[in-house]
2 protein chains.
Amino acid sequence: MNWADLDSGHCSIARAADIVGDRWTLLILRDVSRGIRRFDELSAHLGIARNILSARLGALVANGVLERMPYAEEGRRPHQEYVMTPRGAELLPVLLALIAWGDRHLSEEPPVRAVHNGCGHEVRLVPTCTAGHALTGGGEVQIVPGPGARRVDRE
Amino acid sequence: MNWADLDSGHCSIARAADIVGDRWTLLILRDVSRGIRRFDELSAHLGIARNILSARLGALVANGVLERMPYAEEGRRPHQEYVMTPRGAELLPVLLALIAWGDRHLSEEPPVRAVHNGCGHEVRLVPTCTAGHALTGGGEVQIVPGPGARRVDRE
DNA sequence: CAGTATCCCAAGCGATACTG
DNA sequence: CAGTATCGCTTGGGATACTG
């Protein structure tokens, strides 16, 4: 099989990157997942322009990653919040992987940590082979085409 | 502690996204990790403009993610290859996480798979708490500031 | 409070031509 | 083969003002 014939654009990485692969989206998801959920809070914390934030939130809602919900707590004015959908919550490993790499290679001390809600201990991503082997992480993994791979049309 | 006071820009996610968070870089790393390592091969497979590819490769080398190596196999003209550094190899979990999410939510059938070199079985990322709890993945993880977090200067 | 509406700039990108 | 050099377009993004 010729690797070079596999359509690069239909790869899951490419598709996922189309949704979360811009300068702000991952940071929005980080903030939402940590409890910053209102438009003005996000705007202030991220330092993002309001129109851009609006566009990003709209796209994330359209892609089913976030959901926009009206909140009405008693004694306060009602307001909107953006919350993770299940699909959005499943993006967490992406954030964890970036945190792990950034902590290890770009900082002396970790600026953020990921912790288990229950016990408060740190959470790591352990690459595990379905045959049960734990992978230590040095060139043991290879990315190969799956059943959904497409070939590029060529003559 | 006031979450909103933590400097969003010094987060590891933000720093990592500065390096890998553009439209092409993750795809370049995917290709390099799968054995597409020469300039023209990458250019052809990705469909990226040559000047952009040049810029991206240069940045990745500058950031210590890739290394540029001259290759001289006998019988063939010598050429250049880009190979993963150890630092680059540690980005693999990011790719795995994106693949997992994209496969699950953006495709019917997985266009790419990650497999263990030794046994050929699929590799998954299992979020694991250092206390030993395996996490099933529904809202059990929280992102919190670490020791290296900085506060924003405000009056 | 939660956005839209404008305006403008800069970066990213694609296409193409050229070079050691 | 492995890039660099230009050019021009298009998008992302910042700043600001405005609205229900």
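Each chain gets a letter, A, B and so on, in the order the sequences are listed, and its residues count up from 1.
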Determine whether the side chains of [X] and [Y] contain a donor N or O and an acceptor N or O closer than 3.5 Å.
X: B:Ser8; Y: A:Arg30; answer: yes
X: A:Ser107; Y: B:Arg15; answer: yes
X: A:Thr25; Y: A:Asp22; answer: yes

>> Under 3.5 Å for both donor-acceptor distances, Watson-Crick or wobble: does D:dG12 have a partner, and if so which one?
In response: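 Pairing partner, where one exists within any strand: C:dC9.
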
> Counting only heavy atoms not in A:Arg87, do more than 12 fall under 6.0 Å of its CZ?
Replying inline: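 Yes, because the 6.0 Å sphere around CZ of A:Arg87 holds more than 12 heavy atoms from other groups.
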
Counting only side-chain nitrogens and oxygens, does [X] get under 4.0 Å of the OP1 or OP2 atom of [N]?
X: B:Arg38; N: D:dA2; result: yes
X: A:Arg23; N: C:dA10; result: no
X: A:Tyr82; N: C:dG3; result: yes
X: A:Ser54; N: C:dT4; result: yes

>> On DNA chain D, does the nearest nucleotide to A:Arg77 precede the nearest nucleotide to B:Gln80 from the 5' side, or the other way round? Give the residue.
In response: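 This one resolves to B:Gln80.
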
May I have the distance from [X] (atom [atom1]) to [N] (atom [atom2]), rounded to whole angstrom?
X: A:Leu60; N: C:dG3; atom1: CG; atom2: P; result: 13 Å
X: A:Glu81; N: C:dG3; atom1: CD; atom2: P; result: 11 Å
X: B:Leu57; N: C:dC13; atom1: CG; atom2: P; result: 13 Å
X: B:Ile48; N: C:dA15; atom1: CD1; atom2: P; result: 11 Å
X: A:Leu53; N: D:dG12; atom1: CG; atom2: C1'; result: 14 Å
X: A:Leu27; N: D:dG12; atom1: CG; atom2: C1'; result: 15 Å
X: A:Leu46; N: C:dG3; atom1: CG; atom2: C1'; result: 16 Å
X: A:Glu41; N: C:dA2; atom1: CD; atom2: C1'; result: 12 Å

> Considering only D:dT4, C:dA2, D:dC1, which nucleotide approaches the side chain of B:Asp40 most closely?
Replying inline: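 When the side chain of B:Asp40 is considered, D:dC1 is the closest of D:dT4, C:dA2, D:dC1.
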
> Nearest to the side chain of A:Phe39 - C:dC13, D:dA2, C:dT4?
Replying inline: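 Minimum distance to the A:Phe39 side chain belongs to C:dT4.
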
> Would you say the base of C:dG14 and the side-chain of B:Asn51 have a donor-acceptor pair closer than 3.5 Å?
Replying inline: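 Indeed, a donor on one side and an acceptor on the other fall under 3.5 Å apart.
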
>> Suppose we call a contact any N or O donor and acceptor under 3.5 Å apart; does that hold for the side chain of A:Arg50 and the base of C:dA2?
In response: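 By the distance-only test, yes, there is a pair.
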
> Base, sugar-phosphate alone, or nothing: which one does B:Arg56 contact when heavy atoms must sit under 4.0 Å apart?
Replying inline: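 Sugar-phosphate: the residue B:Arg56, judged by heavy atoms under 4.0 Å, touches backbone atoms but no base.
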
>> I'd like to know if the side chain of A:Thr128 and the backbone of A:Val126 have a donor-acceptor N/O pair within less than 3.5 Å.
In response: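 Yes, because the side chain of A:Thr128 sits within donor-acceptor range (under 3.5 Å) of the backbone of A:Val126.
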
